[in-house]
Number of protein chains: 2
Amino acid sequence: MAEALIECVPNFSEGRDPAKVQAIVDAIASTPDVHLLAQESDADHNRSVVTFVGPPSAAVEGAFRGVAKAVELIDLTQQSGEHPRIGAADVVPLVPLSGITLAECAALAQQLGERIWNNLRVPVYFYEAAARREDRRRLENIRKGQFEGLREEVRSNLDRRPDLGGPALHPTAGATVVGARKILIAYNINLHTPDVDVARTIARRIRQSSGGMPHVKAVGLLLASRNQAQVSMNLTDYEQTPVHAVYEAVCREAAALGVEVAGSEIIGLWPRAVFEAAAAHFLKMENYRAGGLLEDRLPPRQL
Amino acid sequence: MAEALIECVPNFSEGRDPAKVQAIVDAIASTPDVHLLAQESDADHNRSVVTFVGPPSAAVEGAFRGVAKAVELIDLTQQSGEHPRIGAADVVPLVPLSGITLAECAALAQQLGERIWNNLRVPVYFYEAAARREDRRRLENIRKGQFEGLREEVRSNLDRRPDLGGPALHPTAGATVVGARKILIAYNINLHTPDVDVARTIARRIRQSSGGMPHVKAVGLLLASRNQAQVSMNLTDYEQTPVHAVYEAVCREAAALGVEVAGSEIIGLWPRAVFEAAAAHFLKMENYRAGGLLEDRLPPRQL
(Lines give C-alpha, C1' and ligand atoms only; values in the text may rest on other atoms or scores of the structure.)
Protein backbone atom coordinates (compact mmCIF):
# COMPACT_ATOMS: atom_id res chain seq x y z
CA MET A 1 0.00 0.00 0.00
CA ALA A 2 1.16 3.52 -0.76
CA GLU A 3 2.46 5.59 2.09
CA ALA A 4 -0.06 8.26 3.10
CA LEU A 5 0.94 11.67 1.81
CA ILE A 6 -0.59 15.04 2.66
CA GLU A 7 0.01 18.36 0.99
CA CYS A 8 -0.19 21.43 3.18
CA VAL A 9 -0.44 24.92 1.69
CA PRO A 10 -0.37 27.51 4.48
CA ASN A 11 -0.92 31.15 3.56
CA PHE A 12 0.93 33.75 5.64
CA SER A 13 0.18 37.47 5.77
CA GLU A 14 3.68 38.63 4.87
CA GLY A 15 4.88 39.05 1.28
CA ARG A 16 7.31 41.95 1.48
CA ASP A 17 9.99 41.08 4.02
CA PRO A 18 12.06 38.18 2.65
CA ALA A 19 13.77 37.58 5.99
CA LYS A 20 10.49 36.99 7.80
CA VAL A 21 9.17 34.77 5.03
CA GLN A 22 12.37 32.75 5.07
CA ALA A 23 12.19 32.31 8.84
CA ILE A 24 8.69 30.84 8.49
CA VAL A 25 9.77 28.55 5.65
CA ASP A 26 12.81 27.43 7.66
CA ALA A 27 10.60 26.60 10.62
CA ILE A 28 8.45 24.37 8.42
CA ALA A 29 11.42 22.77 6.68
CA SER A 30 13.08 21.96 10.02
CA THR A 31 10.43 19.25 10.54
CA PRO A 32 11.69 15.69 9.95
CA ASP A 33 10.09 14.02 6.87
CA VAL A 34 8.63 17.28 5.62
CA HIS A 35 9.44 17.94 1.98
CA LEU A 36 9.22 21.57 0.86
CA LEU A 37 7.73 21.92 -2.62
CA ALA A 38 7.39 25.62 -3.31
CA GLN A 39 7.10 29.10 -1.87
CA GLU A 40 5.73 32.24 -3.46
CA SER A 41 5.47 35.76 -2.14
CA ASP A 42 3.46 38.62 -3.60
CA ALA A 43 4.23 42.15 -2.51
CA ASP A 44 0.89 43.59 -3.66
CA HIS A 45 -1.04 40.87 -1.86
CA ASN A 46 1.48 41.09 1.01
CA ARG A 47 1.14 37.37 1.35
CA SER A 48 3.20 34.23 0.99
CA VAL A 49 2.10 30.73 0.12
CA VAL A 50 4.22 27.75 1.14
CA THR A 51 3.61 24.28 -0.26
CA PHE A 52 4.98 21.20 1.41
CA VAL A 53 4.20 17.50 1.66
CA GLY A 54 4.79 14.79 4.20
CA PRO A 55 3.26 11.80 5.96
CA PRO A 56 0.29 12.85 8.14
CA SER A 57 2.06 13.42 11.46
CA ALA A 58 4.97 15.25 9.82
CA ALA A 59 2.62 17.47 7.81
CA VAL A 60 0.73 18.49 10.96
CA GLU A 61 3.97 19.16 12.84
CA GLY A 62 5.37 21.23 9.94
CA ALA A 63 2.17 23.26 9.71
CA PHE A 64 2.26 23.93 13.46
CA ARG A 65 5.88 25.11 13.34
CA GLY A 66 5.09 27.48 10.46
CA VAL A 67 2.06 28.91 12.25
CA ALA A 68 4.05 29.41 15.45
CA LYS A 69 6.79 31.33 13.64
CA ALA A 70 4.24 33.49 11.79
CA VAL A 71 2.49 34.33 15.05
CA GLU A 72 5.85 35.38 16.46
CA LEU A 73 6.90 37.54 13.49
CA ILE A 74 3.78 39.05 11.92
CA ASP A 75 1.81 41.89 13.49
CA LEU A 76 -1.48 42.38 11.69
CA THR A 77 -1.98 45.81 13.26
CA GLN A 78 1.01 46.90 11.14
CA GLN A 79 0.15 44.88 8.03
CA SER A 80 -1.89 45.72 4.94
CA GLY A 81 -2.16 44.30 1.45
CA GLU A 82 -4.55 43.64 -1.41
CA HIS A 83 -5.45 40.18 -0.17
CA PRO A 84 -8.08 39.79 2.58
CA ARG A 85 -6.80 38.13 5.78
CA ILE A 86 -7.77 37.55 9.40
CA GLY A 87 -4.57 35.97 10.69
CA ALA A 88 -0.78 36.13 10.66
CA ALA A 89 -1.04 32.49 9.67
CA ASP A 90 -4.21 33.10 7.72
CA VAL A 91 -5.27 29.77 6.24
CA VAL A 92 -3.85 26.28 6.73
CA PRO A 93 -5.42 23.61 4.50
CA LEU A 94 -4.51 19.92 4.59
CA VAL A 95 -4.93 18.20 1.22
CA PRO A 96 -5.02 14.42 0.71
CA LEU A 97 -2.56 13.46 -2.04
CA SER A 98 -2.45 9.68 -1.74
CA GLY A 99 -3.14 6.89 0.71
CA ILE A 100 -5.39 9.08 2.88
CA THR A 101 -8.95 10.38 2.63
CA LEU A 102 -10.36 13.88 2.84
CA ALA A 103 -12.22 12.85 6.02
CA GLU A 104 -8.97 11.71 7.63
CA CYS A 105 -7.39 15.06 6.74
CA ALA A 106 -10.38 16.80 8.32
CA ALA A 107 -9.74 14.90 11.57
CA LEU A 108 -6.06 15.89 11.49
CA ALA A 109 -7.12 19.50 10.99
CA GLN A 110 -8.98 19.31 14.34
CA GLN A 111 -5.79 18.11 16.04
CA LEU A 112 -3.78 20.91 14.44
CA GLY A 113 -6.37 23.48 15.52
CA GLU A 114 -6.23 22.25 19.11
CA ARG A 115 -2.45 22.63 19.15
CA ILE A 116 -2.64 26.15 17.72
CA TRP A 117 -5.14 27.34 20.35
CA ASN A 118 -3.62 25.43 23.29
CA ASN A 119 -0.01 26.41 22.60
CA LEU A 120 -0.19 29.75 20.80
CA ARG A 121 -3.48 31.18 22.12
CA VAL A 122 -4.55 31.98 18.59
CA PRO A 123 -8.25 31.16 18.13
CA VAL A 124 -9.15 28.83 15.28
CA TYR A 125 -11.91 28.58 12.68
CA PHE A 126 -12.42 25.33 10.77
CA TYR A 127 -13.38 25.43 7.08
CA GLU A 128 -14.21 23.24 4.08
CA ALA A 129 -14.22 19.53 4.94
CA ALA A 130 -13.08 20.31 8.51
CA ALA A 131 -15.89 22.85 9.17
CA ARG A 132 -17.86 22.35 12.40
CA ARG A 133 -20.70 24.50 11.08
CA GLU A 134 -22.14 24.30 7.59
CA ASP A 135 -21.91 28.08 7.07
CA ARG A 136 -18.18 27.94 7.74
CA ARG A 137 -17.35 25.58 4.93
CA ARG A 138 -16.71 28.66 2.80
CA LEU A 139 -13.59 30.62 3.69
CA GLU A 140 -15.15 33.90 2.56
CA ASN A 141 -17.82 33.64 5.24
CA ILE A 142 -15.22 33.22 7.97
CA ARG A 143 -12.98 36.00 6.67
CA LYS A 144 -15.75 38.59 6.24
CA GLY A 145 -14.67 41.99 7.61
CA GLN A 146 -11.04 40.85 7.71
CA PHE A 147 -8.89 41.15 10.82
CA GLU A 148 -9.96 44.69 11.65
CA GLY A 149 -13.69 44.03 11.29
CA LEU A 150 -13.75 40.56 12.82
CA ARG A 151 -11.78 41.67 15.89
CA GLU A 152 -14.60 44.11 16.71
CA GLU A 153 -17.46 41.84 15.71
CA VAL A 154 -16.49 38.89 17.96
CA ARG A 155 -17.01 41.13 21.01
CA SER A 156 -20.76 41.35 20.49
CA ASN A 157 -21.79 38.87 17.74
CA LEU A 158 -21.82 35.29 19.04
CA ASP A 159 -22.32 34.04 15.54
CA ARG A 160 -18.88 35.22 14.41
CA ARG A 161 -16.94 33.73 17.32
CA PRO A 162 -14.14 31.22 16.68
CA ASP A 163 -14.80 27.47 16.68
CA LEU A 164 -11.98 27.00 19.14
CA GLY A 165 -10.61 29.51 21.69
CA GLY A 166 -11.26 33.19 21.85
CA PRO A 167 -13.70 34.78 21.85
CA ALA A 168 -11.22 37.65 21.42
CA LEU A 169 -8.81 37.37 18.51
CA HIS A 170 -5.08 37.27 19.23
CA PRO A 171 -4.03 40.95 19.46
CA THR A 172 -1.35 40.77 16.72
CA ALA A 173 -1.89 37.38 15.06
CA GLY A 174 -5.69 37.44 14.69
CA ALA A 175 -7.13 33.99 14.10
CA THR A 176 -6.15 31.04 11.94
CA VAL A 177 -8.45 29.15 9.61
CA VAL A 178 -7.58 25.45 9.53
CA GLY A 179 -9.19 22.97 7.19
CA ALA A 180 -9.10 20.08 4.80
CA ARG A 181 -9.94 20.29 1.12
CA LYS A 182 -9.26 18.86 -2.29
CA ILE A 183 -6.44 20.25 -4.41
CA LEU A 184 -7.16 23.91 -5.08
CA ILE A 185 -5.99 25.77 -8.14
CA ALA A 186 -5.05 29.35 -7.31
CA TYR A 187 -5.08 31.20 -10.58
CA ASN A 188 -4.83 34.89 -11.45
CA ILE A 189 -5.59 36.57 -14.76
CA ASN A 190 -4.10 40.01 -15.34
CA LEU A 191 -5.87 42.58 -17.49
CA HIS A 192 -4.54 45.27 -19.80
CA THR A 193 -6.20 47.97 -17.71
CA PRO A 194 -5.63 49.71 -14.39
CA ASP A 195 -9.42 49.86 -13.91
CA VAL A 196 -10.18 47.61 -10.95
CA ASP A 197 -13.92 47.90 -11.62
CA VAL A 198 -13.44 45.89 -14.80
CA ALA A 199 -11.79 43.10 -12.81
CA ARG A 200 -14.55 43.22 -10.21
CA THR A 201 -17.27 43.05 -12.86
CA ILE A 202 -15.61 40.04 -14.50
CA ALA A 203 -15.14 38.35 -11.11
CA ARG A 204 -18.83 38.84 -10.35
CA ARG A 205 -19.86 37.38 -13.70
CA ILE A 206 -17.78 34.22 -13.49
CA ARG A 207 -17.94 33.21 -9.84
CA GLN A 208 -20.34 30.61 -8.53
CA SER A 209 -21.65 32.75 -5.68
CA SER A 210 -23.23 35.18 -8.12
CA GLY A 211 -24.48 32.61 -10.60
CA GLY A 212 -21.33 32.02 -12.66
CA MET A 213 -19.26 28.87 -13.09
CA PRO A 214 -19.38 26.09 -10.50
CA HIS A 215 -16.33 25.68 -8.22
CA VAL A 216 -15.03 29.16 -9.10
CA LYS A 217 -14.31 31.84 -6.50
CA ALA A 218 -13.15 35.19 -7.83
CA VAL A 219 -12.38 38.72 -6.72
CA GLY A 220 -11.17 41.79 -8.61
CA LEU A 221 -7.95 43.43 -7.36
CA LEU A 222 -5.54 46.15 -8.42
CA LEU A 223 -1.87 45.18 -8.69
CA ALA A 224 -0.39 48.54 -7.76
CA SER A 225 3.19 47.60 -8.70
CA ARG A 226 2.10 46.75 -12.23
CA ASN A 227 -0.82 49.13 -12.52
CA GLN A 228 -2.92 46.25 -13.76
CA ALA A 229 -6.30 45.02 -12.63
CA GLN A 230 -6.44 41.33 -11.80
CA VAL A 231 -9.12 38.68 -11.54
CA SER A 232 -7.81 36.55 -8.65
CA MET A 233 -9.40 33.12 -8.45
CA ASN A 234 -9.60 29.87 -6.58
CA LEU A 235 -10.82 26.87 -8.52
CA THR A 236 -12.00 24.26 -6.03
CA ASP A 237 -12.62 21.39 -8.43
CA TYR A 238 -10.46 21.57 -11.54
CA GLU A 239 -11.84 18.31 -12.87
CA GLN A 240 -15.37 19.72 -12.96
CA THR A 241 -14.43 23.26 -14.04
CA PRO A 242 -11.11 23.17 -15.87
CA VAL A 243 -8.61 26.02 -15.87
CA HIS A 244 -8.88 26.49 -19.61
CA ALA A 245 -12.66 26.94 -19.41
CA VAL A 246 -12.18 29.64 -16.78
CA TYR A 247 -9.49 31.33 -18.85
CA GLU A 248 -11.75 31.44 -21.88
CA ALA A 249 -14.68 32.75 -19.84
CA VAL A 250 -12.54 35.60 -18.47
CA CYS A 251 -11.29 36.39 -21.99
CA ARG A 252 -14.89 36.55 -23.23
CA GLU A 253 -16.06 38.77 -20.38
CA ALA A 254 -13.03 41.03 -20.75
CA ALA A 255 -13.58 41.37 -24.49
CA ALA A 256 -17.22 42.30 -23.84
CA LEU A 257 -15.90 45.14 -21.67
CA GLY A 258 -13.37 46.17 -24.32
CA VAL A 259 -10.35 44.95 -22.34
CA GLU A 260 -7.64 42.45 -23.26
CA VAL A 261 -6.15 39.74 -21.07
CA ALA A 262 -2.46 40.48 -20.43
CA GLY A 263 -1.47 37.13 -18.97
CA SER A 264 -2.18 34.58 -16.30
CA GLU A 265 -0.26 33.11 -13.42
CA ILE A 266 -0.22 30.01 -11.31
CA ILE A 267 0.09 30.26 -7.55
CA GLY A 268 1.49 27.13 -5.94
CA LEU A 269 1.96 23.90 -7.82
CA TRP A 270 -0.45 22.51 -10.36
CA PRO A 271 -1.18 18.90 -11.06
CA ARG A 272 0.02 17.79 -14.45
CA ALA A 273 -3.52 16.93 -15.53
CA VAL A 274 -4.33 20.65 -15.68
CA PHE A 275 -1.69 21.23 -18.34
CA GLU A 276 -2.63 18.17 -20.32
CA ALA A 277 -6.32 19.02 -20.37
CA ALA A 278 -5.61 22.64 -21.35
CA ALA A 279 -3.25 21.67 -24.17
CA ALA A 280 -5.71 19.07 -25.47
CA HIS A 281 -8.50 21.63 -25.40
CA PHE A 282 -6.66 24.46 -27.15
CA LEU A 283 -5.13 22.13 -29.74
CA LYS A 284 -8.59 20.61 -30.34
CA MET A 285 -7.09 17.17 -29.85
CA GLU A 286 -9.40 14.46 -31.05
CA ASN A 287 -7.53 11.56 -29.51
CA TYR A 288 -6.28 12.93 -26.21
CA ARG A 289 -6.30 10.55 -23.28
CA ALA A 290 -4.91 11.13 -19.80
CA GLY A 291 -1.84 9.03 -19.12
CA GLY A 292 -0.95 8.92 -22.82
CA LEU A 293 2.40 10.65 -22.51
CA LEU A 294 5.74 9.13 -23.35
CA GLU A 295 6.85 9.48 -19.74
CA ASP A 296 3.81 7.57 -18.50
CA ARG A 297 4.72 4.53 -20.51
CA LEU A 298 8.40 4.15 -19.77
CA PRO A 299 9.31 1.08 -17.74
CA PRO A 300 10.34 1.74 -14.13
CA ARG A 301 13.94 2.91 -14.06
CA GLN A 302 16.62 0.75 -12.57
CA LEU A 303 18.72 2.77 -10.17
CA MET B 1 24.57 6.09 -14.36
CA ALA B 2 21.22 5.71 -16.07
CA GLU B 3 20.64 2.58 -18.08
CA ALA B 4 20.74 3.33 -21.82
CA LEU B 5 17.24 3.45 -23.28
CA ILE B 6 16.25 3.64 -26.95
CA GLU B 7 12.83 4.31 -28.38
CA CYS B 8 12.02 2.64 -31.69
CA VAL B 9 9.04 3.73 -33.79
CA PRO B 10 8.73 1.46 -36.82
CA ASN B 11 6.09 2.29 -39.45
CA PHE B 12 4.45 -0.63 -41.23
CA SER B 13 2.42 -0.44 -44.46
CA GLU B 14 -0.67 -2.15 -43.08
CA GLY B 15 -3.45 -0.31 -41.28
CA ARG B 16 -6.58 -2.22 -42.23
CA ASP B 17 -6.08 -5.87 -41.22
CA PRO B 18 -5.97 -6.05 -37.41
CA ALA B 19 -4.71 -9.66 -37.46
CA LYS B 20 -1.63 -8.78 -39.51
CA VAL B 21 -0.91 -5.72 -37.40
CA GLN B 22 -1.22 -7.77 -34.22
CA ALA B 23 1.14 -10.43 -35.56
CA ILE B 24 3.79 -7.75 -36.17
CA VAL B 25 3.26 -6.23 -32.73
CA ASP B 26 3.46 -9.68 -31.13
CA ALA B 27 6.74 -10.38 -32.90
CA ILE B 28 8.21 -7.19 -31.49
CA ALA B 29 6.80 -7.77 -28.01
CA SER B 30 8.23 -11.31 -27.91
CA THR B 31 11.71 -9.81 -27.52
CA PRO B 32 13.11 -9.99 -23.96
CA ASP B 33 13.49 -6.56 -22.31
CA VAL B 34 11.41 -4.83 -24.97
CA HIS B 35 8.64 -2.69 -23.51
CA LEU B 36 5.75 -1.91 -25.85
CA LEU B 37 4.48 1.65 -25.46
CA ALA B 38 1.81 2.18 -28.09
CA GLN B 39 0.39 1.11 -31.41
CA GLU B 40 -1.83 3.04 -33.80
CA SER B 41 -3.34 2.03 -37.09
CA ASP B 42 -4.96 4.30 -39.66
CA ALA B 43 -7.17 2.77 -42.32
CA ASP B 44 -6.96 5.77 -44.67
CA HIS B 45 -3.17 5.87 -44.41
CA ASN B 46 -3.16 2.05 -44.47
CA ARG B 47 -0.32 2.24 -42.03
CA SER B 48 0.51 1.29 -38.46
CA VAL B 49 2.98 2.86 -36.09
CA VAL B 50 4.38 0.86 -33.18
CA THR B 51 6.29 2.51 -30.35
CA PHE B 52 8.51 0.52 -28.03
CA VAL B 53 11.53 1.06 -25.82
CA GLY B 54 14.36 -1.07 -24.58
CA PRO B 55 18.08 -1.20 -23.88
CA PRO B 56 20.09 -0.90 -27.14
CA SER B 57 20.51 -4.56 -28.01
CA ALA B 58 16.89 -5.39 -27.14
CA ALA B 59 15.59 -2.47 -29.20
CA VAL B 60 17.56 -3.61 -32.25
CA GLU B 61 16.37 -7.20 -31.81
CA GLY B 62 12.73 -6.08 -31.40
CA ALA B 63 12.95 -3.92 -34.51
CA PHE B 64 14.40 -6.80 -36.52
CA ARG B 65 11.63 -9.18 -35.43
CA GLY B 66 8.96 -6.64 -36.40
CA VAL B 67 10.53 -6.04 -39.82
CA ALA B 68 10.82 -9.79 -40.47
CA LYS B 69 7.15 -10.34 -39.68
CA ALA B 70 6.07 -7.40 -41.86
CA VAL B 71 8.14 -8.72 -44.77
CA GLU B 72 6.40 -12.07 -44.36
CA LEU B 73 2.83 -10.65 -44.18
CA ILE B 74 2.66 -7.48 -46.27
CA ASP B 75 2.63 -7.51 -50.07
CA LEU B 76 3.11 -4.00 -51.44
CA THR B 77 1.89 -5.04 -54.87
CA GLN B 78 -1.54 -5.50 -53.22
CA GLN B 79 -1.34 -2.50 -50.89
CA SER B 80 -2.41 1.11 -51.30
CA GLY B 81 -3.16 3.98 -48.93
CA GLU B 82 -2.95 7.73 -48.52
CA HIS B 83 0.49 7.59 -46.94
CA PRO B 84 3.57 7.32 -49.18
CA ARG B 85 5.69 4.16 -48.60
CA ILE B 86 8.46 2.14 -50.22
CA GLY B 87 8.50 -0.85 -47.90
CA ALA B 88 6.37 -3.36 -46.00
CA ALA B 89 8.45 -2.25 -43.03
CA ASP B 90 8.69 1.29 -44.33
CA VAL B 91 10.71 3.27 -41.82
CA VAL B 92 12.54 2.16 -38.67
CA PRO B 93 14.00 5.02 -36.60
CA LEU B 94 16.03 4.55 -33.42
CA VAL B 95 15.64 7.43 -30.97
CA PRO B 96 17.97 8.07 -28.01
CA LEU B 97 15.86 8.56 -24.85
CA SER B 98 18.50 8.45 -22.12
CA GLY B 99 22.03 7.23 -21.45
CA ILE B 100 22.88 7.01 -25.15
CA THR B 101 23.76 9.48 -27.89
CA LEU B 102 22.26 10.07 -31.31
CA ALA B 103 25.60 9.00 -32.86
CA GLU B 104 25.48 5.69 -30.96
CA CYS B 105 21.94 5.12 -32.24
CA ALA B 106 23.19 5.83 -35.78
CA ALA B 107 25.81 3.10 -35.37
CA LEU B 108 23.16 0.66 -34.12
CA ALA B 109 21.03 1.53 -37.16
CA GLN B 110 23.88 0.29 -39.39
CA GLN B 111 23.91 -3.03 -37.51
CA LEU B 112 20.13 -3.33 -37.87
CA GLY B 113 20.33 -2.54 -41.59
CA GLU B 114 22.96 -5.26 -42.10
CA ARG B 115 20.74 -7.82 -40.39
CA ILE B 116 17.73 -6.83 -42.53
CA TRP B 117 19.62 -7.20 -45.80
CA ASN B 118 21.62 -10.27 -44.81
CA ASN B 119 18.71 -12.22 -43.36
CA LEU B 120 15.62 -10.96 -45.16
CA ARG B 121 17.10 -9.84 -48.52
CA VAL B 122 15.28 -6.53 -48.20
CA PRO B 123 17.56 -3.68 -49.35
CA VAL B 124 18.11 -0.82 -46.93
CA TYR B 125 18.38 2.96 -47.11
CA PHE B 126 19.81 4.91 -44.17
CA TYR B 127 18.33 8.29 -43.22
CA GLU B 128 18.67 11.18 -40.79
CA ALA B 129 21.62 10.77 -38.40
CA ALA B 130 22.36 7.31 -39.87
CA ALA B 131 22.48 8.54 -43.51
CA ARG B 132 25.54 7.49 -45.50
CA ARG B 133 24.94 10.22 -48.07
CA GLU B 134 24.00 13.79 -47.22
CA ASP B 135 21.07 13.81 -49.68
CA ARG B 136 19.56 10.83 -47.89
CA ARG B 137 19.23 12.52 -44.53
CA ARG B 138 15.72 13.50 -45.59
CA LEU B 139 13.23 10.67 -45.77
CA GLU B 140 11.26 12.37 -48.55
CA ASN B 141 14.24 12.16 -50.89
CA ILE B 142 14.56 8.43 -50.34
CA ARG B 143 10.83 7.77 -50.66
CA LYS B 144 10.34 9.77 -53.89
CA GLY B 145 8.21 7.85 -56.40
CA GLN B 146 7.10 5.43 -53.67
CA PHE B 147 7.37 1.66 -54.04
CA GLU B 148 6.00 1.56 -57.57
CA GLY B 149 8.21 4.34 -58.91
CA LEU B 150 11.38 3.43 -57.03
CA ARG B 151 11.21 -0.22 -58.05
CA GLU B 152 11.49 0.91 -61.70
CA GLU B 153 14.02 3.66 -61.11
CA VAL B 154 16.64 1.52 -59.36
CA ARG B 155 17.02 -0.52 -62.56
CA SER B 156 18.57 2.36 -64.46
CA ASN B 157 19.35 5.20 -62.04
CA LEU B 158 22.45 4.47 -59.93
CA ASP B 159 21.69 7.47 -57.80
CA ARG B 160 18.50 5.94 -56.41
CA ARG B 161 20.00 2.56 -55.50
CA PRO B 162 19.86 1.33 -51.89
CA ASP B 163 22.72 1.98 -49.47
CA LEU B 164 22.84 -1.72 -48.65
CA GLY B 165 21.80 -4.65 -50.89
CA GLY B 166 19.73 -4.56 -54.01
CA PRO B 167 19.96 -3.02 -56.47
CA ALA B 168 16.49 -4.51 -57.10
CA LEU B 169 13.90 -3.94 -54.41
CA HIS B 170 12.35 -6.94 -52.66
CA PRO B 171 9.45 -8.01 -54.93
CA THR B 172 6.74 -7.76 -52.26
CA ALA B 173 8.42 -5.97 -49.33
CA GLY B 174 10.20 -3.19 -51.25
CA ALA B 175 12.97 -1.58 -49.21
CA THR B 176 13.30 -0.46 -45.59
CA VAL B 177 14.57 2.92 -44.44
CA VAL B 178 16.53 2.60 -41.20
CA GLY B 179 17.83 5.55 -39.24
CA ALA B 180 18.48 7.43 -36.05
CA ARG B 181 16.87 10.70 -35.12
CA LYS B 182 15.66 12.89 -32.27
CA ILE B 183 12.14 12.51 -30.92
CA LEU B 184 9.72 13.29 -33.74
CA ILE B 185 6.26 14.66 -33.24
CA ALA B 186 3.81 13.22 -35.74
CA TYR B 187 0.86 15.57 -35.77
CA ASN B 188 -2.19 15.85 -38.02
CA ILE B 189 -4.64 18.71 -38.30
CA ASN B 190 -8.03 17.96 -39.82
CA LEU B 191 -9.93 20.60 -41.75
CA HIS B 192 -13.65 21.27 -42.09
CA THR B 193 -13.48 20.68 -45.83
CA PRO B 194 -13.20 17.73 -48.20
CA ASP B 195 -11.05 19.89 -50.52
CA VAL B 196 -7.59 18.32 -50.47
CA ASP B 197 -6.16 21.30 -52.37
CA VAL B 198 -6.75 23.46 -49.31
CA ALA B 199 -4.70 21.03 -47.19
CA ARG B 200 -1.96 20.94 -49.80
CA THR B 201 -1.80 24.72 -50.02
CA ILE B 202 -1.54 25.01 -46.24
CA ALA B 203 1.13 22.28 -46.14
CA ARG B 204 3.16 24.14 -48.75
CA ARG B 205 2.92 27.40 -46.82
CA ILE B 206 4.03 26.03 -43.47
CA ARG B 207 6.71 23.46 -44.32
CA GLN B 208 10.39 24.25 -44.18
CA SER B 209 11.17 22.89 -47.66
CA SER B 210 9.08 25.60 -49.29
CA GLY B 211 10.18 28.44 -47.02
CA GLY B 212 7.82 27.92 -44.06
CA MET B 213 8.61 27.01 -40.46
CA PRO B 214 11.89 25.32 -39.53
CA HIS B 215 11.74 21.61 -38.57
CA VAL B 216 8.27 21.21 -40.11
CA LYS B 217 7.46 18.66 -42.79
CA ALA B 218 3.90 18.68 -44.11
CA VAL B 219 1.71 17.15 -46.79
CA GLY B 220 -1.96 17.57 -47.65
CA LEU B 221 -4.10 14.41 -47.68
CA LEU B 222 -7.74 13.43 -47.98
CA LEU B 223 -9.19 11.24 -45.21
CA ALA B 224 -11.73 9.37 -47.31
CA SER B 225 -13.48 7.74 -44.35
CA ARG B 226 -14.18 11.15 -42.81
CA ASN B 227 -14.40 13.15 -46.01
CA GLN B 228 -11.99 15.65 -44.46
CA ALA B 229 -8.79 17.13 -45.80
CA GLN B 230 -5.82 16.81 -43.48
CA VAL B 231 -2.49 18.56 -43.03
CA SER B 232 -0.25 15.67 -41.98
CA MET B 233 3.00 16.77 -40.34
CA ASN B 234 6.25 15.68 -38.81
CA LEU B 235 7.90 18.11 -36.42
CA THR B 236 11.54 17.18 -36.16
CA ASP B 237 12.56 19.54 -33.36
CA TYR B 238 9.66 20.42 -31.07
CA GLU B 239 11.88 22.50 -28.81
CA GLN B 240 12.76 24.84 -31.69
CA THR B 241 9.33 24.81 -33.36
CA PRO B 242 6.66 23.97 -30.78
CA VAL B 243 3.44 22.14 -31.59
CA HIS B 244 1.30 25.10 -30.52
CA ALA B 245 3.11 27.42 -32.94
CA VAL B 246 2.43 25.00 -35.79
CA TYR B 247 -1.21 24.66 -34.75
CA GLU B 248 -1.68 28.41 -34.77
CA ALA B 249 0.06 28.76 -38.13
CA VAL B 250 -2.25 26.16 -39.67
CA CYS B 251 -5.30 27.90 -38.14
CA ARG B 252 -4.15 31.21 -39.64
CA GLU B 253 -3.51 29.76 -43.09
CA ALA B 254 -6.81 27.87 -43.01
CA ALA B 255 -8.71 31.02 -42.02
CA ALA B 256 -7.06 32.89 -44.89
CA LEU B 257 -8.53 30.24 -47.19
CA GLY B 258 -11.93 30.48 -45.53
CA VAL B 259 -11.68 27.06 -43.84
CA GLU B 260 -11.94 26.08 -40.18
CA VAL B 261 -9.77 23.61 -38.30
CA ALA B 262 -11.88 20.63 -37.18
CA GLY B 263 -9.39 19.07 -34.79
CA SER B 264 -5.91 17.70 -34.39
CA GLU B 265 -4.44 14.35 -33.47
CA ILE B 266 -1.29 12.93 -32.02
CA ILE B 267 0.34 9.92 -33.61
CA GLY B 268 2.54 7.95 -31.22
CA LEU B 269 3.48 9.24 -27.80
CA TRP B 270 4.36 12.80 -26.99
CA PRO B 271 6.80 14.02 -24.40
CA ARG B 272 5.11 15.80 -21.53
CA ALA B 273 7.00 19.00 -22.31
CA VAL B 274 4.87 19.46 -25.44
CA PHE B 275 1.68 19.65 -23.37
CA GLU B 276 3.18 21.91 -20.77
CA ALA B 277 4.54 24.37 -23.32
CA ALA B 278 1.24 24.42 -25.23
CA ALA B 279 -0.85 25.00 -22.10
CA ALA B 280 1.49 27.75 -20.93
CA HIS B 281 1.29 29.41 -24.32
CA PHE B 282 -2.47 29.33 -24.73
CA LEU B 283 -3.10 30.37 -21.13
CA LYS B 284 -0.57 33.23 -21.56
CA MET B 285 1.18 32.04 -18.41
CA GLU B 286 3.56 34.63 -17.10
CA ASN B 287 5.33 32.40 -14.61
CA TYR B 288 5.50 29.05 -16.37
CA ARG B 289 8.63 27.03 -15.82
CA ALA B 290 9.36 23.49 -16.97
CA GLY B 291 9.49 21.03 -14.08
CA GLY B 292 7.14 23.20 -12.02
CA LEU B 293 4.39 20.63 -11.64
CA LEU B 294 3.20 19.10 -8.42
CA GLU B 295 4.26 15.66 -9.60
CA ASP B 296 7.80 16.88 -10.29
CA ARG B 297 8.30 17.94 -6.71
CA LEU B 298 7.01 14.96 -4.81
CA PRO B 299 9.64 13.01 -2.90
CA PRO B 300 10.57 9.59 -4.34
CA ARG B 301 7.91 7.07 -3.33
CA GLN B 302 8.75 4.33 -0.90
CA LEU B 303 7.50 1.02 -2.26
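None of these values were measured; they are calculated from a predicted model. Every chain is numbered from 1 and lettered A, B, ... according to where its sequence line falls, protein lines coming before strand lines.
To the nearest 0.5 Å, atom CZ of residue A/Phe52 and atom NE2 of residue A/His35 are 12.5 Å apart.
Across all non-hydrogen atoms, the minimal contact from B/Ala180 to B/Glu128 is O-CB, 3.2 Å.
Checking side-chain atoms of A/Thr31 against main-chain N and O of A/Val34 turns up no donor-acceptor pair under 3.5 Å.
With sequence neighbours excluded, the residues satisfying salt bridge (charged side-chain N to carboxylate O under 4.0 Å, His left out) with A/Asp237 are A/Lys182. Residues forming a salt bridge (charged side-chain N to carboxylate O under 4.0 Å, His left out) with B/Arg181 (at least two apart in sequence, or on another chain): none.
The contact list for residues 253-261 of chain A toward chain B, using heavy atoms and a distance under 4.5 Å, reads A/Val261 by residue number.
Between B/Glu248 and A/Lys284 there is no salt bridge, since no side-chain nitrogen of the basic residue lies less than 4.0 Å from a carboxylate oxygen of the acidic one.
Only the side chain of B/Ile183 comes within less than 4.5 Å of a heavy atom in chain A; its backbone stays farther off.
For the options B/Ile266, B/Val274, B/Ile189, heavy-atom pairs under 4.5 Å to chain A are most numerous at B/Ile266. Most heavy-atom pairs under 4.5 Å with chain B: of the set A/Cys251, A/Ala278, A/Ala279, A/Ala277, this distinction falls to A/Ala279.
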Name every donor-acceptor pair, under 3.5 Å, that has one atom in a side chain of residues 220-230 of chain A and the other anywhere in the protein, sequence neighbours excluded.
from     : atom 1 : to       : atom 2 : distance (Å)
A/Ser225 : OG     : A/Asp44  : OD2    : 2.7
A/Arg226 : NE     : A/Gln228 : OE1    : 3.3
A/Arg226 : NH1    : B/Glu286 : OE1    : 3.2
A/Arg226 : NH2    : A/Gln228 : OE1    : 3.1
A/Arg226 : NH2    : B/Glu286 : OE1    : 3.0
A/Arg226 : NH2    : B/Glu286 : OE2    : 3.2
A/Gln230 : OE1    : A/His45  : NE2    : 3.4
A/Gln230 : NE2    : A/Asn190 : OD1    : 2.7
A/Gln230 : NE2    : A/Glu265 : OE2    : 3.4

